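To start, the structure under review is shown below, and the notes come after it.
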Number of protein chains: 2
Amino acid sequence: MTTSVPGGEPRDLGGDELVRVLATLANPHRLRVVAALSRERMYVSELARALGISRALLQVHLRKLEAAGLVTARVEVSEDGKAMKFYEVNRFAIQLTPETVEAAERTLTPPGDGPGEQKTKGSM
Amino acid sequence: MTTSVPGGEPRDLGGDELVRVLATLANPHRLRVVAALSRERMYVSELARALGISRALLQVHLRKLEAAGLVTARVEVSEDGKAMKFYEVNRFAIQLTPETVEAAERTLTPPGDGPGEQKTKGSM
DNA sequence: GGCATGTGCTAACTTTTTTTGGCATGTGCA
DNA sequence: TGCACATGCCAAAAAAAGTTAGCACATGCC
């Protein structure tokens, strides 16, 4: 109803996921990467040249984008035997309004919980 | 069409603005602040108690939220003469999809431009 | 006055994120 | 073999963000 999802079937993201996706998108380089890939898929070196940044830097950003589920990597071997890693954007649709934020906040990991915490709520 | 706006009449945000808003929302504390204020407006100390964080910390976050245009402050004098600073959320509606990101990216400040740059585009 | 409430500020510290540079691997081809 | 192009990784530096602690001010009230 409010936010939609990167991977799999459309469903709402939880608070922690939302924070992660927003943090990932909140960067000029990564925004450019998403924009570039949304126009056409590209392989790493190609993308690095297109954006004018180093491969090392680009890889870090691509890794974050992938971790957030915003892009997907696909390794393909070109005709001349080179192994190229192609990236493409995943479909996603996130709606941000005070209401959706309020809803997401309810599923945030409670403060004080250090790293490695899980929601001990339902069954299991 | 894609993203909407915090202040004034609805209009789309530019790339830099989008990055700023996303970066602002990409934080658990600030997400909680927006959620809390979207339920009911509160004054600083009250909000700090509600969230269980220090006023100093809260103020930093409130400042960022205000700078991003997500919340608004309003100083009011209570019956007993205390000056309280009430905060409330501003209306905003941002849509995030590969397309809206692509559109926003086009208006990003070109890379390499250090701090203190302006878009030499429209009038003014 | 002393205590509770509200506000503000800043300096310093800790943590996270971003960026750079170097080095290693593999391929095809002249 | 040596060059061009593809991939990967890692350590260290640099920059940005988050957090804490302490102090300042004002008010009303016992």
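Remember, predicted model here, so these are calculated numbers, not experimental data. The sequence lines fix the lettering, A, B, ..., with proteins before strands; numbering per chain opens at 1.
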Exercise for the section: Please check if the side chain of A:Thr107 supplies one atom and the backbone of A:Gly15 the other of a donor-acceptor pair under 3.5 Å. Expected result: yes
Problem - Any donor-acceptor pair under 3.5 Å from A:Arg41 side chain to A:Phe86 backbone - result: no
Fill in the blank from the handout: Exactly one of A:Asn27, A:Leu25, A:Leu31 clears side-chain contact (heavy atoms from CB on, under 4.5 Å) with B:Val19, and that residue is A:Leu31
Problem - B:Leu22 and its side-chain contact (heavy atoms from CB on, under 4.5 Å) partner, picked from A:Ile94, A:Leu96, A:Thr24 - result: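 The single option meeting the side-chain contact (heavy atoms from CB on, under 4.5 Å) with B:Leu22 is A:Leu96.
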Handout entry: For DNA chain D, the dot-bracket pattern of Watson-Crick and G-U pairs whose distances stay under 3.5 Å, | for other-strand partners
Key = ||||||||||||||||||||||||||||||
Exercise for the section: Check the angle between the aromatic planes of A:His29 and A:His61 and answer parallel, tilted or perpendicular using the 30° and 60° thresholds. Expected result: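 A:His29 vs A:His61 ring planes: tilted.
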Practice task
Return the minimal non-hydrogen interatomic distance between A:Arg39 and B:Glu105, and the atom names on each side.
Solution key: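 Closest approach of A:Arg39 to B:Glu105, heavy atoms only: NH2-OE1, 2.9 Å.
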Practice task
Identify the heavy atoms of A:Pro98 and B:Ser38 that sit nearest to each other, and give their distance.
Solution key: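 Of all heavy-atom pairs spanning A:Pro98 and B:Ser38, the closest is O-OG, 3.9 Å.
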Could you tell me if the side chain of [Y] sits less than 4.5 Å from the side chain of [X], heavy atoms only?
X       : Y       : result
B:Glu76 : B:Tyr43 : no
A:Arg49 : A:Ser45 : yes
A:Glu88 : A:Leu37 : no

Practice task
Extract, from 5' to 3' on DNA chain C, the first and final nucleotides lying under 4.0 angstrom from some heavy atom of chain A.
Solution key: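 Span of nucleotides near chain A: C:dT17 to C:dG28.
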Exercise for the section: For B:Val44, answer base if it contacts any base atom (sugar-phosphate contacts may also be present), sugar-phosphate if it contacts only those atoms, and nothing otherwise; contact means non-hydrogen atoms under 4.0 Å. Expected result: sugar-phosphate
Handout entry: Contact pattern, 5' to 3', of nucleotides 18-30 of chain D - B, S or - by protein heavy atom under 4.0 Å
Key = SBBB-----BS--
